[in-house]
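Worksheet: one structure, shown below.
No experiment lies behind these values; they were computed from the predicted model shown.
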Amino acid sequence: VGAPPPPPPLPLSPSPLHWYDAVLDVVAFSDVLRGGWALRFAPSLRHTRAGTPAPPPASAASATADDVWSPIGVDAVGESSDAVVGVLGQYNTGKTFLLNMLTGLSLPSSKRVATRGLSLRRAAGLAGTMPLMLVDSEGTLAPAPLEPAHALLEKHATEELLEHLTVSVSDYVLYVVEGFSSVDQRAVHRHAQYIGSSSKRFRELIVVHNLRTVADDGSLWHRWRTQVTELYGRGAECTSSVHVAAAGADGGAQLEAREARWLQTSTARHLVLANHASPFGEAHNRATAALLRQWVQSSVHVAGSRAAI
């Protein structure tokens, strides 16, 4: 009996440019000394505004720390009036999932798909909302090879570079956490201090606690108390009214009033997400995403501030 046939090859994953308009492929900090980092554009920048000048060929595009965002960076992908939303956090905490909740997009978000470097995508506004420019970042603290020598040190330097670029170009910075370790707390404090002293249009860090294993109301707010409010004794718990889409009696869509809870501290705003696969979590997350959009819109004085998913 002959050997069994080999298993079929796994299907190739689509290029990141299938979903994003541009990708800054920063693999290692030291690559800037060997010709720069590849800055690749999607064909025709298909998700962006009409009339955008054609970008340089993908094979020729490269960038250094000084010119990465000009003029072939953010401004080449979106309008200068777009609000830029950047997301940070450790790897596999749900950063891309949050951007999908915020915009209604379907960017790849799972343990099998990892964001590399920085990825840009212009998101057309949902009903009553403004267009956004998204900066999706590679997560920090992912395991790394131990070879060659100093690989871990270079990985740390590369992560710091990506965080700095994301914070520098973003009008709104979202930091996603899951367990909220002391490592997260130090990162939140560092970014909040920088943003608070900047000239950004929105000078508060937004911390999103992704409690994706929690599927009921009681467990969620117990975790919220132990992970968030009890750690910030001087913070103020707040409730805001939002509007989310719901099916009307005639089968059509209508806006339904909901309330979203959050915590205000001196330098940051904290929100919480639940298990999106559960009925409770899906309803809760829709209200939280609506509140997040409300903050983005109101701080730039955009008319029509009712957010709907």
Those residues that, when tested against D171, pass side chain to side chain contact (heavy atoms under 4.5 Å, CB included) (two or more places apart): A83, V84, R201
Residues that V183 engages under side chain to side chain contact (heavy atoms under 4.5 Å, CB included), provided they are two or more places apart: Q90, L141, S181, R186
Could you tell me whether the side chain of [X] and the main chain of [Y] form a donor-acceptor pair under 3.5 Å?
| X | Y | result |
| --- | --- | --- |
| R258 | V244 | no |
| Q227 | R223 | no |
| T93 | G89 | no |
| T158 | F29 | yes |

Which residue pairs pass the salt bridge (Lys or Arg N to Asp or Glu O under 4.0 Å) test with at least one member in [range], sequence neighbours excluded?
| range | answer |
| --- | --- |
| residues 264-277 | E204-R269 |
| residues 224-239 | E237-R261 |
| residues 145-157 | K155-E159 |
| residues 276-285 | E282-R286 |

Report the residues that fulfil salt bridge (charged side-chain N to carboxylate O under 4.0 Å, His left out) with [X], sequence neighbours left out, ordered by chain and then residue number.
| X | result |
| --- | --- |
| D25 | R40, R116 |
| K200 | none |
| R190 | E163 |

Distance-only donor-acceptor check, side chains R34 and S30, under 3.5 Å: yes
Side-chain donor-acceptor pair present, H164, E160, cut-off under 3.5 Å: no
Residue list, side-chain hydrogen bond (donor to acceptor under 3.5 Å, both in side chains) with S240, at least two apart or on another chain: W262
Non-neighbouring partners of Q193 that pass side-chain hydrogen bond (donor to acceptor under 3.5 Å, both in side chains), sequence neighbours left out: none
Residues D82, R122: salt bridge by 4.0 Å N-O rule: yes
Heavy-atom side-chain contact between [X] and [Y] under 4.5 Å:
| X | Y | answer |
| --- | --- | --- |
| T103 | L134 | yes |
| V207 | H209 | yes |
| E138 | Y91 | no |
| V214 | N275 | no |

Residues in ring-ring contact (aromatic ring centres under 6.0 Å, His included) contact with F97, at least two apart in sequence or another chain: H276
Plane angle bin for F280 and H284 - parallel if under 30°, tilted between 30 and 60°, otherwise perpendicular: parallel
Mutual orientation of the aromatic rings belonging to Y172 and F202 [parallel < 30°, tilted 30-60°, perpendicular > 60°]: tilted
Of L88, L174, V87, L120, the residue whose pairing with V135 passes side chain to side chain contact (heavy atoms under 4.5 Å, CB included): L120
Distance (rounded to the nearest 0.5 Å) between H191 NE2 and T267 OG1: 12.0 Å
V208/Y175 under side chain to side chain contact (heavy atoms under 4.5 Å, CB included): CA gap, chis, key distance, verdict: CA-CA 6 Å; V208 180; Y175 193 93; over 6 Å; no
Cluster check L292, V173: I/L/V/M/F/W/Y, side chain < 4.5 angstrom: no
